[in-house]
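Data first, discussion second: the structure below is written as structure tokens.
So you know, we letter chains A, B, ... as the sequences are listed, proteins then strands, and number each from 1.
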Amino acid sequence: MSVNSNPENETKKGVDFIRQIINEDIKAGKVPQCVQTRFPPEPNGYLHIGHAKSICLNFGIAEDYEGTCKLRFDDTNPSKEEQEYVDSIVEDVRWLGFNQDEKIYFASDYFDQFYAWAIELIKNGKAYVDSQNAQQIRETRGTPTVTGTDSPFRNRTVEENLELFEKMKNGEFEEGECILRAKIDMAHQNMNMRDPAMYRIRKASHHRTGDKWCIYPMYDFAHGYEDAIEGITHSICTLEFENHRPLYNWFLENVSAPCHPRQVEFARLNLTYTVMSKRRLLELVTEKYVNGWDDPRMPTISGFRRRGYTPSSIRRFAREIGVAKVNSLVDINFLQFIIREELNETADRAMAVLNPLKVVISNYPEGQIEMMEGENNPGDPDAGSREIPFGREIYIEQDDFMEEPPKKFFRLAPGKEVRLKHAYFITCDEVVKDEKGNVIQLNCSYDPATRGGDSPDGRKVKGTLHWVSAEKGKKAEVRLYDNLFTLENMDEMEEGKDYKDYLNPESLVINTSCIVEPSLVDAAPGKSFQFLRQGYFSADLKDHSPEHPVFNRTVALKDSWAKIQKKN
RNA sequence: UUGGACGUCGGCAAGCGGUAAGCCACCGGGUUUUGAUCCCGGCAUUCGCAGGUUCGAAUCCUGCCGUCCAAGCCA
């Protein structure tokens, strides 16, 4: 047994509490063959970054212990589930780098076995058909401080229960007329143990079993059995199921199950400036606050993918936030730090002007174009270099010029000299304005001796600007993304406010008049670049084409100039 | 006033009776043809609070305080 054989799952010191539990179980001889885990999503929505944490945990543990992790769909409620969701989940898990060719499991494949175990429970006097309606059941369940009361149908005979349950299965009752309940203890301190529902009637078509069934098992009844059937040793779930563990165990103990997995709970992931509940994410999509589940502003795996995040960055994030039982809120900038660090090493550099300001270099020959060489990645010589066309007319960033610059402004201003990256030093001679007084063009002169960006006389400049040739540059659409919400902790909304009241109106800014280096239009969709001095951008997976280039900002570069400005 | 779980730096998080790791953020300084990267330095005499046990406590005990979960025929 090689613990932590996968370097990606190694933590600096020690192992998380779940691996500690597993280690103890192995030492105590409680793990028969190998460690088996599972990732069991319900196909009722797209996976989000919180699921990624669980995926990395479960598959990561399986790798560490040389066991296996099964991707299993917990599809026990046909009214909420769809094939589209199972497809997207499979895609996302694979994209993250797990479950490449392995089998996919479905709880619905075990419906016959669940039914048989339900019969077994009835025969042992451990389950009964309750003919009360939902409201009556609710009212007799009691509260955390008041015990519940027994159903008048609680003492039906085994024969009667068997017959009634058979009729339920055969569709002889309407939805809500009756349910199958476990007979445990209506006075139990844990409300989950007060005769929980096992089967309810749902006359809905299931995405896999069609109309074969009209009764469907409840999570608590089914989940432990799903685990047992698959030989799971450690059933890892989130904290809200802690109260369900006694029930999980009860169902396994009262039936002839093949094994008894151990449920372990950990804290789910929360991120700043976003929401993570499937209900809300679904609402954002259906009510069109975002453009689909894979909108780059969404905290979904597909959203991050489209935003330009890589599988390895998400895996690393999952590993570095750790696993514990404390409810935590992780700063989104931690994720941003990780993708920045990765892209800094892997992304080719390029120049793109987001808000163009025309610069005419008066002393540069008209019609002349020369190719300047620029390295693709200053930190990686193997990344090679590319040729960038330079000419008399170029665009620079509007922000890179100020007519009346404050102190410490290292960029272009009247009479000031700057370096154009990979090209020449230029000096601003004249500012051209329109009738409203807006600066529309700069007339500059260049120093031919500074080709490549260095002055032979040792003259220094403080600022280096990115630029794009006006003649050779290409037009592109750039989508600038920011946090979806304005509140850092979405659990701390003001009284009476809805989460949608905190939607950030500037979460998406589309800029259609950007000018980019010509080579960029041929980028493959999904390819990432660092736009010099601005950030990391990736060619949009859906909308980018050479005819209509579209780039998404994955994350901005750190900007200490912005920080200085803020201070003043 | 029910049961369960959890409280270590602004955010994650190690620590498991021998004297507070690491990462992010933040603050200084250096290098730089990206105000990026990189490099160097700073950043919890204290572990929710109060007692107790011990030569020694974030770690053990007691009591308090705070937060989260639980009254679906959702998962």
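Residues A:Phe106 and A:Phe73 place their aromatic rings such that the two centres sit under 6.0 Å apart. Ring centroids of A:Tyr248 and A:Phe241 are separated by 6.0 Å or more, keeping the two rings apart.
Of the nucleotides present, none pairs with B:U45 by Watson-Crick or G-U wobble criteria with both distances under 3.5 Å. Pair check for B:U59 finds none; no Watson-Crick or G-U wobble contact set falls under 3.5 Å. Using N1 to N3 plus N6-O4 or O6-N4 for Watson-Crick, or N1-O2 and O6-N3 for G-U wobble, each under 3.5 Å, B:A5 pairs with B:U67.
Looking only at atom types and distance, the side chain of A:Asn133 has no donor-acceptor partner in the side chain of A:Gln135 under 3.5 Å away.
At whole-Å resolution of the value, CZ in A:Arg316 and C1' in B:G22 are 12 Å apart. When rounded to the nearest whole Å, the span between CG of A:Asp559 and P of B:C26 equals 12 Å. As a whole-Å value, the separation of A:Gln189 CD from B:U1 P is 15 Å. In this structure, A:Arg138 atom CZ and B:G72 atom C1' are separated by 8 Å, rounded to whole Å. In this structure, the CZ atom of A:Phe337 is 20 Å from the P atom of B:G10, given to the nearest Å. Note: CZ (A:Phe410) to P (B:U34) measures 13 Å, nearest angstrom.
The base of B:U34 sits with one of its N or O atoms less than 3.5 Å from a complementary donor or acceptor on the side chain of A:Gln530. For B:G35, the base has a donor-acceptor partner in the side chain of A:Arg411 [N/O atoms by modelled type, under 3.5 angstrom].
Between A:Gln20 and B:G15 there is a side-chain N or O to OP1 or OP2 distance below 4.0 Å.
No contact: A:His223 has no heavy atom under 4.0 Å from any strand. Within 4.0 Å (heavy atoms only), A:Val555 reaches no atom of the nucleic acid at all.
With A:Val129 as the fixed residue, the side-chain contact (heavy atoms from CB on, under 4.5 Å) test singles out one of A:Phe153, A:Phe165, A:Tyr199, A:Phe173: A:Phe165.
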